Amino acid sequence: MVSGMNLKPEEISAVIKEQLEKYESKTITENVGYVLTVGDGIARIYGLDDCMYGELLEFENGVRGMALNLEEENVGCVLLGSETDITEGTMVKRTGRTVEVPVGDDFIGRVVNPLGVPIDGKGDIKADSFRPVEFLAPGVIDRKSVDTPMQTGILAIDAMTPIGRGQRELIIGDRQTGKTAIALDTILNQKGNGVICIYVAIGQKESSVAGIYSTLEKFGAMDYTIIVSSTANDLSTVQYIAPYAGCAMAEYFMFDQHKDVLIIYDDLSKHAVAYRTMSLLLKRAPGREAFPGDVFYLHSRLLERSAKLSDELGGGSITALPIIETQAGDISAYIPTNVISITDGQIFLESELFYSGQRPAINVGVSVSRVGGSAQIKAMKKIAGSLRVNLAQYRELSVFAQFGSDLDQTTREKLLQGERLLETLKQNQYSPLPVEEQIIYLYIAVNEYLLDIELKDVKKFNSHVMEDIKKNYSQIPQSIHETKELKPETEEILVKVIKKHKEEWNS
């Protein structure tokens, strides 16, 4: 007999009773369905009776999808991955969760796809948590009015169409008019300001995204930037989810870390086209220009998530700069008018101005900021107050002057002043200016110190004055930076410096 096997019957029954007491019956039920048809990134699934709208579904090969059409006979699901190994009869199960994206500090400096997967070859990213891509926008009580500037570093914008933290300002214009350039300059200008930047590329070429990454890397902006990339090669479903994923990452920094975030959506025209493609494949009814009826809600629920939170919620903010591409400058088309009505203003870039050499090519008449002076420091508000009116007068007079050469002295001076104001507003790409320098340049132009200086020499004169101020009169920009105002004593020194340079220039 084997040692240890001589157990008494009562000992055996005691062991069995103990095991029975510990035994727990666990029944796991899963709601599964099966693919009826699949193609073009859309799968029709039978059997998921309790499926929720927007729920994350998982196919047996690991690919995930998002339930968008809840019909009587089946569920229309958009795939968030390749459909290669999905066929009729493939099993699908519910997850009970909405589509989520990983978020965290480690995403800063990285390029990821809309599902949060890194695509820059720098290894995996450790996520702090997950956030749903669709999230309810903060209510009125949770918000605070916009009162802090989000400086772009672009003189024409910060002076005439200022952007505040928590605002949604549309950048709109034809192809190749400098829309992305404005967005990139704004990102570069956030260096050292504690603002996290997120650039969402929707339906762009891979080479374009690579170029943007190298530019941001070159200027050190990737230290505080995340790029969410969905290229033209990606499925329309992936392009559709990209801006929402980028916004979810931004909300992590706003809600959880109480930081200010700048997010660029480049561009929402391609996003609307991707949604139209997806909707038509889901057999949704087409409306105007074949867009589905909820295309307005597509962008409104995205852009409404941008906000300046109240102090009780930590005071973080998301500032959105959506980009829309127009055809032949037509801002009255369907998608442009939709997004214009959602945002707090627009910066309209005009092809004619761009090709005439006025860069950034901002049309002052159509561009507007509905936040206005609330997003400017006092010094800028004071000096830039008359700028828009002066440029409007110049535009009218320049048209009138084409029909006759006999102009009075006042009209000639206004034309000269307008030309010099426009010359001052010209700015090279990737060279954002601190607000103190912007104020000094504007002060010189607005107070007519440039009238007797040749138009071709305006930039040279301005740079001479600025070099002297930086070298010998650093108290001027320092005072503006610290007080946010142009104090009388500071203004007095500034006038002396300008007049000194005028005398030297004219001698």
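Quick caveat: nothing in here was measured; it's all calculated off a predicted structure. Note that the numbering runs from 1 along the sequence shown for the chain. Atoms considered below: every heavy atom in the structure, side chains included; atoms not considered: hydrogens, waters and symmetry mates.
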Answer yes or no: is there an ion pair linking D344 with R370, defined by an N-O contact shorter than 4.0 Å? no
Main-chain N/O of S431 paired to N428 side chain as donor or acceptor, under 3.5 Å: no
Can you measure from CD1 (I324) to CD (Q346) and round to the nearest 0.5 angstrom? 11.5 Å
Let me see the working for F291 and I335 under side chain to side chain contact (heavy atoms under 4.5 Å, CB included), right down to the final yes or no. CA-CA 9 Å; F291 286 104; I335 299 301; 3.7 Å; yes
Do side-chain atoms of Q376 reach the backbone of D158 as a donor and acceptor pair under 3.5 angstrom? yes
Does V111 offer a backbone N or O that forms a donor-acceptor pair with the side chain of D120 under 3.5 Å? yes
Below 6.0 angstrom between ring centroids: does that apply to H299 and Y275? no
The reported gap from SG in C197 to CG in D260 (rounded to nearest 0.5 angstrom) is 10.5 Å
Check for a donor-acceptor pair, side chain of S367 on one end and backbone N or O of F348 on the other, with a separation under 3.5 Å. yes
Are there more than 12 heavy atoms of other residues, nucleotides or ligands under 6.0 Å from atom NE2 of H258? yes
pair Y449-H501: side-chain heavy atoms closer than 4.5 Å: no
Can you tell me how the ring of Y430 sits relative to the ring of F219, calling it parallel under 30°, perpendicular over 60° and tilted otherwise? tilted
Stepwise salt bridge (charged side-chain N to carboxylate O under 4.0 Å, His left out) check, D452 with K502: CA-CA 9 Å; D452 55 348; K502 286 267 292 185; 2.4 Å; yes
Decide, yes or no, whether a salt bridge links R301 with E304 under the criterion of side-chain N to carboxylate O below 4.0 Å. no
Would you indicate whether K459, at its atom NZ, is surrounded by more than 12 heavy atoms from other residues, nucleotides or ligands within a distance under 6.0 Å? yes
Would you say E289 has more than 12 foreign heavy atoms packed within less than 6.0 Å of its CD? yes
Between I377 and I439, is any pair of side-chain heavy atoms under 4.5 Å apart? yes
So that I can tick it off, tell me whether E437 and K470 are bridged by a salt bridge, with the cut-off set at under 4.0 angstrom between side-chain N and carboxylate O. yes
Flag yes if more than 12 heavy atoms outside E352 fall under 6.0 Å of its CD atom; otherwise flag no. no
Test side chain to side chain donor-acceptor pair (under 3.5 Å) on S369 and Q167 and set out the steps. CA-CA 9 Å; S369 171; Q167 190 178 342; 3.2 Å; yes
Is a salt bridge present between E448 and R420, judged by a nitrogen-to-oxygen distance below 4.0 Å? no
Only one of L184, I182, L188 passes side chain to side chain contact (heavy atoms under 4.5 Å, CB included) with T186; say which it is. I182
Check for a donor-acceptor pair, side chain of Q239 on one end and backbone N or O of H271 on the other, with a separation under 3.5 Å. no
